[in-house]
Colleague: 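Before I ask anything, here is the structure I am working with.
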2 protein chains.
Amino acid sequence: MATGRTHRPATRSRGIPEATVARLPLYLRALTALSERSVPTVSSEELAAAAGVNSAKLRKDFSYLGSYGTRGVGYDVEYLVYQISRELGLTQDWPVVIVGIGNLGAALANYGGFASRGFRVAALIDADPAMAGKPVAGLPVRHTDELESIIRDNGVSIGVIATPAGAAQQVCDRLVAAGITSILNFAPTVLSVPDGVDVRKVDLSIELQILAFHEQRKAGEESGPAAAAAARPGAPARASAPAAGGGKGPEGDVPAVMPA
Amino acid sequence: MATGRTHRPATRSRGIPEATVARLPLYLRALTALSERSVPTVSSEELAAAAGVNSAKLRKDFSYLGSYGTRGVGYDVEYLVYQISRELGLTQDWPVVIVGIGNLGAALANYGGFASRGFRVAALIDADPAMAGKPVAGLPVRHTDELESIIRDNGVSIGVIATPAGAAQQVCDRLVAAGITSILNFAPTVLSVPDGVDVRKVDLSIELQILAFHEQRKAGEESGPAAAAAARPGAPARASAPAAGGGKGPEGDVPAVMPA
DNA sequence: ATGCCTTTGTGAACGCGTGCACAAAGATGG
DNA sequence: CCATCTTTGTGCACGCGTTCACAAAGGCAT
């Protein structure tokens, strides 16, 4: 996973497991596609295939929402789209602010997937005065000074952080102070927030690193376990360990530990 | 989490649990930050705080790699950076291709976090002939026609898909046919790949939807459980269910189920 | 109405991941 | 050399998530 929850150790809101909640958007997407093709009903088997999950898992997931299926037939597509949307809270409008309008922030602002799911970009905010007023995705970029007033005036409760790592915690603190209670963090840093604030993170490079791990394993296996075994025990002595990444350190990793 | 593995049901490679692998990049980042500040050693407690995890979990994670700590002292930062890098396969160079140079693709191309972790962007590929030759992040965009030759000539095994959803599966198939065995998918679609190919996905809108769910729950709770309970049982009749998102459908969701 | 066929909904078993709590190990000071 | 203190490494228990397998339920044909 590219993301993980922070704080609040796996609360199961009203009885819906966290793992199920994470899959609901997946089902919703598959159902929306079916709805657009005017497919009236779908079986758990078909829908599971479309969503890329096990059919038993899908049925159990839906069972937490209630009994919305018809035995022998399947699920009513339109009805299920509505039920899941309601459960996820997508039947209402969620204004969001995006802070940090660099390459990634601009990409997010232009991303159609937000608007189509009940999310409305209330404002784009950047610290660079040169950016202020420039239109991005049809919206003028606002300066950081306006952050608090924008959030209060629009009743925004969800914020997206797409700043460099170094600025993320500071931005986060201001968002929280202004009343934001949910944060989607794209900056490669661990954010600390007070209780009651949800943080989800998306880290691009972490995903690649996980892929690299499996890729390496595949490469090691391909010439038989012997090759992998032979390469392993000869762990280099401490002295010869190259300082991988200990050099200049690009990307702007920020020191996140306080000196003891 | 913004991502999830596909295929291969939670293989624990050589004994390292999947959950641990997913956290190693987190530890690596925190350690790199310490390394840059020339901190020689760190305790599990400090490092855990920096990585945003439980210290017991961190120690257990490290125990899968071996006994790299010193009791009463902690872990040698440089040594641990090297060990984790090696375990993740980051001591070697991983050429990657990025397919789909829109807003997101460009953002990824410019993202410094890749280069700093042993990943090298071998090529940027786009289907639009008008893009061909244009420099993005210092690299000329190549046309899709060259996809196969680029992958073969550079020995690329990791591909990043940042195309619209409608093109993703087709691109995926070509990548796999050309020899790619690991794919990071940003398109909002379920990709189907043959065995032996790893797919990880990052879905921006899914993360927001999960946040919305929790946000809704918070809003419902704030006026006491009574309010939430009162709003629930009056589930609207099937007929009155608005077709949430059943309209035009932006974003380019693609039908992913085959008609039975 | 009756029997058959399809598909849901779920009880139960299993496995993974997490966190506690403590013994073992090493450093440090006398 | 011994005592004490710190911190690691891990055995154990618990809870969540996944999967199997099947009974119950509804549609449909006869």
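All heavy atoms count here, side chains included; hydrogens, waters and symmetry mates do not. Computed from a predicted structure; not experimentally measured.
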Colleague: Any heavy-atom pair between the side chains of B:L204 and A:L184 that's under 4.5 Å?
Modeller: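 They are not in side-chain contact.
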Colleague: Rounding to a whole Å, what distance do you find between A:E18:CD and D:dC16:C1'?
Modeller: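 Taking CD of A:E18 and C1' of D:dC16, I get 12 Å after rounding.
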Colleague: List, with names and distances, any nitrogen or oxygen atoms from the protein found under 3.5 Å away from nitrogen or oxygen atoms belonging to nucleotides 3-5 of chain D.
Modeller:
none

Colleague: What do you reckon, is CD of A:Q170 surrounded by more than 12 foreign heavy atoms closer than 6.0 Å?
Modeller: no
Colleague: Dump every N/O contact between nucleotides 12-14 of chain C and the protein below 3.5 Å, one line per pair.
Modeller:
residue	atom	partner	partner atom	Å
C:dA12	N6	A:K60	NZ	3.1

Colleague: Using atom CG of A:N54 as one end and atom C1' of D:dC20 as the other, report the distance to the nearest whole Å.
Modeller: 9 Å
Colleague: Test your reading of the model: is there a side-chain donor-acceptor pair from A:E36 to the backbone of A:A33, 3.5 Å cut-off?
Modeller: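 No: the side chain of A:E36 does not pair with the backbone of A:A33.
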Colleague: Rounded to whole angstrom units, what separation is found between the OH atom of B:Y68 and the C1' atom of C:dA25?
Modeller: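 Going from OH in B:Y68 over to C1' in C:dA25 covers 18 Å.
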Colleague: Write down the distance between OH (B:Y75) and P (C:dA27), rounded to a whole number of angstrom.
Modeller: 15 Å
Colleague: Within this structure, what is the CD1-to-C1' distance between A:I16 and D:dC16, rounded to whole angstrom?
Modeller: 16 Å
Colleague: Given D:dT19, C:dG19, C:dT8, which nucleotide is nearest the side-chain atoms of A:K57?
Modeller: D:dT19
Colleague: Out of curiosity, B:L65 CG to B:L24 CG, how far, rounded to the nearest 0.5 Å?
Modeller: 5.5 Å
Colleague: For A:L58 and C:dT7, what is the distance between atoms CG and P respectively, to the nearest whole Å?
Modeller: 14 Å
Colleague: Would you kindly give the CG-to-P distance between A:L80 and C:dT8, to the nearest whole Å?
Modeller: 11 Å
Colleague: Kindly point out which of C:dT8, D:dT18, D:dG9 is positioned nearest to the side chain of A:S43?
Modeller: C:dT8
Colleague: Verify the contact: side-chain N or O of A:R23 to OP1 or OP2 of D:dT18, cut-off strictly under 4.0 Å; return yes or no.
Modeller: yes
Colleague: Backbone N or O of B:L80 within a donor-acceptor pair of the B:D76 side chain at under 3.5 Å?
Modeller: no
Colleague: May I have the distance from B:D61 (atom CG) to D:dT10 (atom P), rounded to whole angstrom?
Modeller: 13 Å
Colleague: Find every protein N or O atom lying less than 3.5 Å from an N or O atom of nucleotides 24-26 of chain D, and list the pairs.
Modeller:
residue	atom	partner	partner atom	Å
D:dA24	N3	A:R71	NH1	2.6
D:dA25	O4'	A:R71	NE	3.4

Colleague: If you check every side-chain atom of B:R59, which of D:dG17, C:dG19, D:dG9 has the closest atom?
Modeller: D:dG9
Colleague: Are A:Y82 and A:Y79 near enough that their ring centres are under 6.0 Å apart?
Modeller: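 Centroid distance A:Y82-A:Y79: not below 6.0 Å, so no.
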Colleague: When you measure from the side chain of B:K218 to the backbone N and O of A:T181, does any donor-acceptor pair fall under 3.5 Å?
Modeller: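 Side chain of B:K218 to backbone of A:T181: a pair is present.
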Colleague: Looking at A:S44, does any N or O in its side chain come under 4.0 Å of the phosphate oxygens OP1/OP2 on C:dT7?
Modeller: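 No, because none of the side-chain N or O atoms of A:S44 sits under 4.0 Å from OP1 or OP2 of C:dT7.
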Colleague: Using the side-chain heavy atoms of A:A19, tell me which of these nucleotides is nearest: C:dT8, D:dT18, D:dG9.
Modeller: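 For A:A19, the side-chain atoms sit closest to D:dT18.
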Colleague: Would you say the side chain of B:L208 lies within less than 4.5 Å of the side chain of A:F114, judging by non-hydrogen atoms?
Modeller: yes
Colleague: Distance-only, no hydrogens or angles: does the A:Q216 side chain make a donor-acceptor pair with backbone N or O of B:R86 under 3.5 Å?
Modeller: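 Present.
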Colleague: May I ask you to decide if B:L28's main-chain N or O and B:T32's side chain share a donor-acceptor pair within less than 3.5 Å?
Modeller: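 It does hold such a pair.
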Colleague: For A:Y64 and D:dC16, is the shortest distance between a side-chain N/O and OP1 or OP2 below 4.0 Å?
Modeller: no
Colleague: Are the aromatic rings of B:Y68 and B:F62 close, with centres under 6.0 Å apart?
Modeller: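 No, the ring of B:Y68 stays outside the 6.0 Å limit from the ring of B:F62, centre to centre.
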Colleague: Is there a side-chain contact (heavy atoms from CB on, under 4.5 Å) between A:T41 and A:Y75? Walk through the geometry before answering.
Modeller: CA-CA 5 Å; A:T41 61; A:Y75 299 91; over 6 Å; no
